[in-house]
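Please read all numbers here as calculations on a predicted model, not as lab measurements.
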Amino acid sequence: MMKTMQNEPAAPALLDRRDERVRHDDSLAGWVRAFWDRIRAGDLGSLPVIVGLAIIWTVFQALNPVFLSSANLVNMLFDCSTVGVISLGIVCILMVGEIDLSVGSVSGFASALVGVFWINQGWPVVLAIFAAMAVGALIGSLYAFLFNRFGMPSFVSTLSGLLAVLGLQLYILGSTGSINLTYGSWLVNFGQIMVMPDPVAYALVAFAGITIFFSSYRTAARRRAAGLSSKSVGGLLLRAVIITVALEAVAFYLNQSRGIPWMFGLFVGLVAAMNYALTRTKWGRSMHAVGGNREAARRSGINVSRIYASAFVMCALLAATGGVLSAARLATASQQAGTGDVNLNAIAAAVIGGTSLFGGRGSAYSALLGIIVIQSIASGLTLLDLSSSLRYMITGAVLAVAVIVDSLARRSRISHGRA
């Protein structure tokens with residue numbers, strides 16, 4: 001009885017300290033402390049790639065003032081979109097701890113199919129696009145079947161697919177080796193000149209800011225309902241306003257030149273949709289679970305084979321979509337489409353952007369950030385009229401640093417019990 005009476009007065013004090021800690025977390029010092037704790041625990045998020053991007057932009061702008069001009073940034077956004085969509089598919093396959101080495105060949109094959117169906121066979125352009133994307137999904141289904149049915153490692157199956165699909169691309173293009181797409185068509189215009197009207201760009205940015213606020217508010221409300229600490233409504237509103245104002249300023253600056261390309265808008269839309277799927281759906285949670293621990297996911301009732309199949313299909317489908325966009329950008333389907341550094345850049349962008357090679361950790365925004373880093377390096381070196389050999393070396397060095405950071409962060413998460 002005495003112990004009970006002695007413990008009872010301590011309960012209000014404990015609640016007061018808990019409330020004080022929650023209020024403290026809403027302050028600037030509490031936010032900084034929580035941010036530093038996450039960094040020490042290996043939860044780096046997008047911080048390394050943002051810091052790296054700032055360094056790259058600072059160096060190239062100092063060497064050539066044209067680098068951050070609105071005209072050059074618009075061209076950069078056009079170029080980011082094609083490989084960026086392919087990289088988004090790589091994020092999906094890396095999330096489950098696998099790899100697809102054939103995305104470059106699949107994208108080139110899809111661009112060749114568009115040229116053959118549309119120009120040579122006279123199909124409607126929309127039908128040709130959907131046919132090319134369907135073939136991409138079929139290739140992904142084949143990889144999934146080989147993986148789930150025979151246990152063939154994804155490295156081997158997709159490497160075989162790289163060679164086989166490249167052969168198909170060369171075969172259907174024939175002796176000419178290339179097919180020119182119709183200039184003035186909406187597909188070519190979409191890949192080369194179509195940009196958002198200024199009011200549309202500003203409205204879409206405002207919509208993004210509103211979406212960010214309500215999404216954060218909904219998460220905070222669920223945490224409060226569960227008795228957990230959460231950010232204040234004022235803090236969420238301030239964050240959304242700052243992001244919206246910053247994006248509106250970027251839109252205004254880009255509109256001083258041609259404006260924001262519709263193709264880049266499509267890429268960002270796909271990134272947002274993939275982010276929602278990975279973070280707000282059962283499928284996305286299953287992707288994280290399978291990539292983190294396959295056996296634990298299986299024992300928890302997740303259909304692991306189906307999740308792997310969806311990852312392979314999504315990766316190949318997005319690779320084919322990127323190939324269609326590449327054909328639109330170049331106004332041609334050729335034997336060189338999807339070759340060269342397309343394959344490596346797509347994989348590098350996902351890893352540089354923050355998607356883990358070990359599976360289970362990543363974000364759709366990794367593809368967006370990573371491809372901006374790679375394209376920034378390419379654009380900066382082009383403006384300086386330097387050899388492409390430097391671009392390969394610098395990109396390789398950035399990729400190596402990204403993998404090292406990922407490995408160190410993973411080790412830190414394990415030591416802090418957050419792996």
Side-chain angles (χ1 to χ4, degrees), residues 42-46 49 84-103 106 136-137 139-149 151-155 157-158 215 219 222 267-322 346-347 349-371 402-403 406 409-410 413-414 418-419:
D43 189 7
L44 302 180
S46 300
V49 67
V85 172
I86 303 174
S87 181
L88 187 59
I90 292 294
V91 170
C92 291
I93 200 67
L94 289 180
M95 284 291 295
V96 295
E98 300 298 330
I99 190 62
D100 188 341
L101 300 178
S102 68
V103 288
V106 172
I139 294 173
S141 300
L142 177 59
Y143 293 153
F145 174 76
L146 295 175
F147 181 85
N148 289 325
R149 182 66 178 83
M152 181 181 291
S154 59
F155 183 92
S157 61
T158 58
S215 177
T219 300
R222 288 200 301 266
F267 173 39
V268 173
L270 291 174
V271 169
M274 184 62 70
N275 179 71
Y276 179 86
L278 290 175
T279 58
R280 302 287 183 177
T281 66
K282 180 180 178 181
W283 174 78
R285 292 188 292 270
S286 299
M287 290 277 287
H288 284 86
V290 171
N293 191 316
R294 174 178 178 173
E295 182 60 22
R298 185 188 65 80
R299 294 190 178 190
S300 66
I302 296 175
N303 190 327
V304 175
S305 297
R306 186 175 299 174
I307 294 300
Y308 277 119
S310 66
F312 278 108
V313 171
M314 188 62 68
C315 183
L317 176 61
L318 288 171
T321 304
I347 298 174
V351 177
I352 290 173
T355 298
S356 176
L357 287 168
F358 303 100
R361 294 184 66 88
S363 168
Y365 291 103
S366 300
L368 177 61
L369 294 174
I371 197 59
V403 174
D406 178 43
R410 183 171 180 265
R413 290 193 301 270
I414 292 174
R418 296 189 177 186

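Scanning all heavy atoms of the two residues, the minimum distance from A350 to L94 falls at CB-CD1, 4.1 Å. The nearest pair of heavy atoms linking A311 to C92 is CB-O, 3.9 Å. Across all non-hydrogen atoms, the minimal contact from A346 to V103 is CB-CG2, 4.4 Å. Between L88 and A364, the closest heavy-atom pair is CD1-O, 3.8 Å. In terms of heavy atoms, S141 sits closest to V313 at OG-CG2, 3.5 Å. Residue S102 comes nearest to Y143 through the heavy atom pair OG-OH, 2.8 Å, listed as atom of the first residue, atom of the second, then distance.
Taking OG from S157 and CD from E98, the interatomic distance works out to 8.5 Å, rounded to the nearest 0.5 Å. Rounding to the nearest 0.5 Å places OG1 of T355 at 12.5 Å from CD1 of I93. Distance check: L357 CG to I99 CD1 gives 7.0 Å after rounding to the nearest 0.5 Å. For the atom pair L278 CG and T281 OG1, the distance stands at 7.0 Å (nearest 0.5 Å). The structure places CD1 of I302 at 8.0 Å from NZ of K282, a figure rounded to the nearest 0.5 Å. Taken to the nearest 0.5 Å, the SG atom of C315 stands 13.0 Å off from the CE atom of M95.
Remark: R299 engages E295 in a side chain to side chain donor-acceptor pair (under 3.5 Å) (not counting sequence neighbours). With sequence neighbours left out, A316 forms a side chain to side chain contact (heavy atoms under 4.5 Å, CB included) with no residue at all. With sequence neighbours excluded, no residue forms a side chain to side chain donor-acceptor pair (under 3.5 Å) with T321. Under the side chain to side chain contact (heavy atoms under 4.5 Å, CB included) criterion, R222 pairs with R218, T219, R280, not counting sequence neighbours.
Judged by distance alone, with hydrogens and angles left aside, the side-chain atoms of T158 form a donor-acceptor pair with the main-chain N or O of L101 at under 3.5 Å.
Here ring-ring contact (aromatic ring centres under 6.0 Å, His included) pairs that include residues 276-319, with residues two or more places apart or in two chains, are F147-Y308, F147-F312. Contacts classified as side chain to side chain donor-acceptor pair (under 3.5 Å) and involving residues 86-95 (residues at least two apart or in different chains) are not found.
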